[in-house]
There are 2 protein chains.
Amino acid sequence: MDKFLALTEEKRTTILNAALQCFGKFGYEKASINDIAVAAHISKASVFQYFGSKKHLYIYLLEYCKKIIEGIFDKEALDSQTDLFDRIMTSSKIEMESFKTQPFILQFISSVWEETSPDVLDSLAILTEETCKFRNDMILREDDALKFKNPEDAGPVFQMLLLMAEGYAARYRGADTFDFDTVMDDFQKNIAILRKNFYKEEYLK
Amino acid sequence: MDKFLALTEEKRTTILNAALQCFGKFGYEKASINDIAVAAHISKASVFQYFGSKKHLYIYLLEYCKKIIEGIFDKEALDSQTDLFDRIMTSSKIEMESFKTQPFILQFISSVWEETSPDVLDSLAILTEETCKFRNDMILREDDALKFKNPEDAGPVFQMLLLMAEGYAARYRGADTFDFDTVMDDFQKNIAILRKNFYKEEYLK
DNA sequence: GCACTAATAACCGAATCGGTCAAGAGGTTG
DNA sequence: CAACCTCTTGACCGATTCGGTTATTAGTGC
């Protein structure tokens, strides 16, 4: 593991991305070390040199993702946004920006939730716990609903936006190109349209 | 293949579902005949008895899904719906009802779009062509926009609904339980809320 | 030229791959 | 009962791939 840390950052991220992609795409058991080595353009032996075993590599990735998530979650930036739509937009932007440089984390994280291999089952909590925390803080607040023409619509609209975010993620999962800026632009426009039609006149700035 | 058709319908669907699930989950190369045999509670040899080879089985599934899609696509039922939201709701209902009895078709179809194995690459069109046709007919029509308070919102709202449908699919992909009725109920409520807030008063019957 | 290090080609036994086949198990005829 | 037929599968095939190891190489500083 210290052997791995001695590498240049570029080489490290190449290897981590390859591993995240393979595990994310195939799951723990079906992803082979050879798959990862080929994707990272290094030899299979090097992977074992760096991480010792397949299981150690997987656990390293879980902890790596946990740290990344902790890093991007800026509670203050979110709390300062008092408006529901602004808050969703801000958190999405934060998320997207970080995934722009870490393109395979998203599918890896979602694959962890479906992982069933007994080899790593008891290690999954490293990540699942953290992602839960992340989601729980992006929450609908009581006074958000008051801005709606029909306050009872606030909950469903919030759920719809979460659903749409999952739709975006699903649409581009596995795709080799992902134009983040276009997606965010699209999402921003959708949010603007929803706000315009659901908010009372007085809250349309 | 006639050996397979001689089986009882129950046994046939068990085997097909197992195969759809494995190929859908792992992709062509990573899914093994043994995986499928275990999931179907039959022996590996039987799979070869029924289908001859792994490739033949995969192609059989492609054609099987094609037929199912052709079957559920009821053009008349859609054309008779003049309202955008009604049309989306109707097509979603048709889709959901059929997937209720064919729970693994959805993830199999979406996996086909990501398939890259050269063994089956030239056979994928069997299904991809058909699913394209299916989607192209669920289209936004010119006069739909006229019912909107802001006609330019019609396109984005339509896209949002498609996105949400993908979100639902993604959320329950791989999950072993999927309460179709609850999901449809949820979707219906969302559609009603959107309609209420986006349509001109005069179109809210 | 020499020592040290980092990367990998070659290799290991074990497991699994797609695919085959002959030995049953079970049922139907005489 | 014997003879026959159909269907299922355990056991097996050679080939490949698995996770993991090791011995050799290529590069670097002195």
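Numbers restart at 1 for each chain; the letters A, B, ... are given by sequence-line order, proteins then strands. Note that this is a predicted model, so its numbers are computed, not measured.
Atom NZ of A:Lys196 has more than 12 heavy atoms from other residues, nucleotides or ligands within 6.0 Å. Around atom NZ of B:Lys25, no more than 12 heavy atoms belonging to other residues, nucleotides or ligands sit under 6.0 Å away.
No close placement of the A:Phe51 and A:Tyr58 rings is indicated, their centers lying 6.0 Å or farther apart. A centroid separation of 6.0 Å or more is found between the aromatic rings of A:Phe23 and A:Phe104. Aromatic ring centres of A:Phe148 and A:Tyr203 lie farther apart than the 6.0 Å criterion allows.
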| request: Tell me, with the steps shown, if A:Arg87 and A:Asp144 meet salt bridge (Lys or Arg N to Asp or Glu O under 4.0 Å). | output: CA-CA 11 Å; A:Arg87 226 158 51 237; A:Asp144 288 328; 2.8 Å; yes
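The side chain of B:Lys44 sits closest to C:dG18 out of C:dC17, C:dA7, C:dG18.
Per the geometry, CG belonging to A:Asn34 stands 17 Å off P belonging to C:dT16, to the nearest Å. Nucleotide C:dA7 holds its C1' atom 16 Å from the NE2 atom of A:His41, rounded to whole Å. Taking atom CD1 on B:Ile33 and atom C1' on C:dT20, their separation rounds to 14 Å, with Å as the unit. For A:Arg12 and C:dA7, the CZ to P distance is 13 Å, given to the nearest whole Å. Protein atom CD of A:Glu29 is 11 Å distant from nucleotide atom P of C:dC17, rounded to whole Å. For the pair B:Gln49 CD and C:dT20 C1', the interatomic distance rounds to 10 Å; values are reported in whole Å. The separation between B:Ile36 atom CD1 and C:dG19 atom P is 11 Å, rounded to whole Å. Protein atom NZ of A:Lys11 is 11 Å distant from nucleotide atom P of C:dA6, rounded to whole Å.
For the pair A:Ser43 and B:Ser53, both in contact range of DNA chain C, the more 5′-proximal nearest nucleotide belongs to A:Ser43. When each of A:Ala45 and A:Lys30 is assigned the nucleotide of DNA chain D with its nearest heavy atom, A:Lys30 is the one assigned upstream, toward the 5' end.
Using a 4.0 Å heavy-atom cutoff across all strands shown, B:Ser46 reaches at least one base atom of the nucleic acid. Within 4.0 Å of B:Leu7, counting heavy atoms only, lie sugar-phosphate atoms of the nucleic acid but no base atom. Nucleic acid contact for B:Ala37: none, since no nucleic acid atom lies under 4.0 Å from a heavy atom of the residue. Within the 4.0 angstrom heavy-atom criterion, no nucleotide atom of any strand lies near A:Leu57. Heavy atoms of B:Lys55 sit nowhere under 4.0 angstrom from any nucleic acid atom.
We find that A:Asp35 and A:Lys44 are not joined by a salt bridge, their nearest charged nitrogen and carboxylate oxygen being 4.0 Å or further apart. The pair B:Arg195-B:Asp83 meets the salt-bridge criterion, since a charged nitrogen lies less than 4.0 angstrom from a carboxylate oxygen.
Using a 4.0 Å cutoff on non-hydrogen atoms, no part of residues 13-21 of chain A comes near DNA chain C.
With a cutoff of under 4.0 Å to any heavy atom of chain B, the contacted region of DNA chain D is bounded 5' to 3' by D:dT8 to D:dG10.
For the residue pair B:Thr131/B:Thr128, the side-chain donor-acceptor check at 3.5 Å is not satisfied.
In this structure, the separation between OG on B:Ser110 and CD1 on B:Ile105 is 12.0 Å, given to the nearest 0.5 Å.
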